[in-house]
Asker: 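Before anything else, here's the structure in question.
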Amino acid sequence: MDYNFREIEKKWQAYWADNHVYRTVEDPSKPKYYVLDMFPYPSGAGLHVGHPLGYIASDIYSRYKRLKGFNVLHPMGYDSFGLPAEQYAIQTGQHPEKTTVQNISRYRQQLDRIGFSYDWDREVRTCDPDYYKWTQWAFIKMFKSWYDNSLGKARPIAELVSRFEESGTSGVDAACGEKMEFTASQWNAMSEEEKEKVLMNYRIAYLGETSVNWCPQLGTVLANDEVKEGLSVRGGYPVEQKKMSQWQLRVSAYAERLLGGLDSLDWTDSLKEMQRNWIGKSLGTEVVFKVESGEKTKDVTIFTTRVDTIFGVTFMVLAPESDLVDELTAPECRKAVEEYVSYVKKKTERERISETKTVTGVFSGAYGINPLTGDRIPVWISEYVLAGYGTGAIMAVPAHDSRDYAFAKKFDLPIVPIIEGCDVSEQSFDAKEGKMCNSGFLNGMDVKEAIPAAMDYVEEHGLGHRKVNYRLRDAIFSRQRYWGEPFPVYYKNGIAQVLPMDRLPLTLPEIDEFKPTETGEPPLARAKNWSYEGHPLETSTMPGFAGSSAYYLRYMDPHNSEELVSSEANTYWRNVDLYIGGTEHATGHLIYSRFWNKFLYDLGYVCEDEPFRKLVNQGMIQGRSNFVYRVVGTNTFVSCGLKDSYQTTEIHVDINLVHNDRLDTELFRKWRPEYADAEFILENGEYVCGWAVEKMSKSMFNVVNPDDICDTYGADTLRLYEMFLGPIEQSKPWDTKGIDGVSRFLRKFWRLFYDGDRFIVTDEKATPDELKSLHKLIGKEQEDIEAFSYNTTISAFMIAVGELADCHKREILEPMVILLSPFAPHIAEELWHDLGHDTTVNYATFPEYVEAYTVENTCTYAVSFNGKTRFTVDLPKDMDKAGVEQKVLSMDQTAKYVDGKQIVKVIVVPGKIVNIVIR
RNA sequence: GCUUUGGUGGUGGAAUUGGUAGACACGAGGGACUUAAAAUCCCUUGGGCAGCAAUGCCUGUACGGGUUCAAGUCCCGUCCGAAGCACCA
């Protein structure tokens, strides 16, 4: 019998499913290992071969860890709330739940064909009320919590209330919106409504007025990570800034912990760096400038990281959106300022970004006083200062900041250099180096000394204080959409209240249309009886990241209706040991999840501070597109090699019409009616297509469906091939050409067991050479899998099978089957049973590596260096044979000393040099 | 502009972390078996030179320097690519 992958794969997939082979239960007698994939959003297009790349990698690791004796948690689920299903619903009237369920079942079919070892009994779906009950639960917990900066953790809000009752704000160091100060009696005198307003300033989930990314086309607000270059990530629509009252999460309170926690994680440096940049910590100084405008004076606080340059300040700048603008504008300038502010408001985010080089601004008519020099300096207004960062006001040092420099040049403001010898005639000198001058007490200091010295001075003289600033903003948590988690919030007399826990889940109401109302309210406003005890419920829903922030916890205990996760399950599984997914979540999901987990940790619901210990970013599989070249104005297509002699248009052609870059011209004519009478100019009788590596997408006609690969080559071949393509972290194009190699390898493997229909495995003793091949492979596989270097493991396999092509001995083949099983589980199961085992291979153990088998016979060589024979050493016997000219040996067995130093290794290149590594 | 990360045959990629560069695979070329095809197997395959031949020699990891007995790997400079951030004071 030949290797019939179709039958084998069907048989074993059915067996695994029927017997729940991969069901996982907590087992304290075994060490745990938690391997997680980023769960997919089930889109209508189904999976293409790029999606399973990470899943295959994690599945191999899971199976490997099981062989190593670990109790492995390896679950899968769906991130099933989201925009595409809703957009589709708006267009067709089809309920998003219906399309979501359809898409999920298609995903499941596709996933099942690849042979993953998921414990499907633990599946979660974020749109399932039994699941989002816990998303809503966490939101309520956040609503009922505040962040105590002095303890560095979240605490129940009731605790804050009692502190306010006792002593007001004194002694309270809380993360909050605006700074507040009041006494206990002031607090106690407040109305309920006023108290609620105050508490909203401290809650971790809070309702607040803020400038948001508003996307008119989508009719919703978006988080910062959902916007790239002023366009929405989904759909690519323009985004504008708008002030709105929105639910937010006080992620900024966790900035320092999110930053510090990175050090302990086993993530790539680049990913950690991305998060660090996103958090954007900077240490600087807040300095108070007195500002005069007509008769009025006001203290204006600015933030700077370079107080040392304060003697070079020649003007100040306010952000156009800053509240100070209105207060400080002098009457004679009011008209110009108002015009400027409305001009800035009209611009979209996109325009502001693309016009960063055009300098704009207007004079406010106010003057500030430099607190160190007493100089009187003009106050300007310009969009290059952001309202949301620092205080929305800056001191400008044109000599040493390129943005201030550009502004000074444009509006002809003075530029005063304060670092010796720098030339500021053409550009500013931004570097933090050199000696200070024109700077009073700082003169002669190096910039590096001057920064702390200036900070000290400012603090000692009461002019300001050191201040840490973060770029990380609070997460905007409201979306004006239907297909998301409803907020468990109602409004009683206009005050936001959360539902009692026993009312959860608050399920999505049925509505007849999914688009926003005519008055621009979210779709939920269409729902009838959308109220709680007569009070209206919140009509916006939660964003996509809500459901994905704690899903890894739910997998630990997915059917628990009393708790998010029981403490037994949580203390057993703890956190994710290995998380595999794309980098695109670096500043979104991976920040929110860490925040969410830390919050739950503070309240004692989970036992680990960080959710994901090790993180591997799989690269993208790109498409390999093919092109044909149409001669302009004709229906004639010219082969790629000849295209330069014609004027041509490049046209994407469906890769299914192309094999090895050769176009099937008959299929091409049938592909589209307009090509029915196409003519071709061939080279060597063939039409050669051009190609390019692009994103895999329908519009490029380069999508490869894993189902098709499973049909023609089998799931095991697909798995092997995706891993053989190259390192997991790297992006690489899918190229179907190479798949024959691994397919051939599996057939060769099969032929170790079968000659036609004859099972040819014998009980003969293995030879030393055979054992050597086997153990080399065991060693290599172990080492490589731990390092996620699966492609080289597969190479090692191919070499071993080549070496063992004539070996049909059980003693060798049985371990080989176990070694292959993480990569190609179906064929391994089949052969494992053919070898006479009743259990599945996954309950076997990983073969033990014996180094002795791989070490050759040795004989003694004299080793000399520096012209003298120093000692003798045992080296492999074939040392002097051609082809083995060099060996690196561990010297442990022969531990020799030269001149009192221990020899660690010896490197021999016959006829050339001997290198001794000593310690 | 800043941060991160790369640059090795026709292609995907190896290289024990400083030790024979190009493993393994694809593609290409040649051959065997076959009426033929598929399948399978064998040989060649970075470039150049010499030889009937086994083989030998030179050169070669983006470019230019350097450290070292030894550099794809480490250091300095230049060029190019990818990703992320982007008026963050």
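Proteins get letters first, then strands, A, B, ... in listed order; numbering begins at 1 in each.
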Asker: Base, sugar-phosphate alone, or nothing: which one does A/Q730 contact when heavy atoms must sit under 4.0 Å apart?
Answerer: sugar-phosphate
Asker: Classify the angle between the aromatic ring planes of A/W380 and A/F411 as parallel (below 30°), tilted (30 to 60°) or perpendicular (above 60°).
Answerer: tilted
Asker: Within the pair A/Y389 and B/A89, is there a side-chain N or O less than 4.0 Å away from OP1 or OP2?
Answerer: yes
Asker: Any salt bridge between A/K448 and A/D308, counting N to O under 4.0 Å?
Answerer: no
Asker: To the nearest angstrom, how far is A/K780 atom NZ from B/C24 atom P?
Answerer: 12 Å
Asker: Looking for any heavy atom pair under 4.0 Å, which part of the strands does A/R276 touch: base, sugar-phosphate only, or nothing?
Answerer: nothing
Asker: Give me syn or anti for B/G81, where syn covers glycosidic angles within 90 degrees of 0.
Answerer: anti
Asker: Using a distance-only test with no angle check, is there a side-chain donor-acceptor pair under 3.5 angstrom linking A/E256 and A/Y470?
Answerer: yes
Asker: How does RNA chain B read in dot-bracket, base by base from 5' to 3', with Watson-Crick or G-U pairs under 3.5 Å and | used when the partner is on another strand?
Answerer: (((((((..(((......[....)))((((((.......))))))(((((....)))))..(((((..]....))))))))))))....
Asker: Can you list everything that forms a salt bridge (Lys or Arg N to Asp or Glu O under 4.0 Å) with A/K467? Sequence neighbours excluded, please.
Answerer: none
Asker: Would you mind classifying the nucleic acid contact of A/P733 as base, sugar-phosphate or nothing, using non-hydrogen atoms under 4.0 angstrom?
Answerer: nothing
Asker: Can A/R276 be said to sit on top of A/W267's aromatic six-ring, NZ or CZ under 6.0 Å from centre and within 45° of the ring axis?
Answerer: no
Asker: Will you find, in the side chains of A/D784 and A/T792, an N or O donor that is under 3.5 Å from an N or O acceptor?
Answerer: yes
Asker: Looking at A/D430 and A/S402, would you say the former's side chain and the latter's main chain have a donor-acceptor pair under 3.5 Å?
Answerer: yes
Asker: Please classify the nucleic acid contact of A/K748 as base, sugar-phosphate, or nothing, using heavy-atom distances under 4.0 Å.
Answerer: sugar-phosphate
Asker: Remember a base hit wins even if backbone is also touched, and classify A/T587 as base, sugar-phosphate or nothing at under 4.0 Å, heavy atoms.
Answerer: nothing
Asker: For A/I799, which contact category applies under a 4.0 Å heavy-atom criterion: base, sugar-phosphate, or nothing?
Answerer: sugar-phosphate
Asker: Among residues 787-795 of chain A, which contact RNA chain B at a heavy-atom distance under 4.0 Å?
Answerer: A/N791, A/T792, A/S795
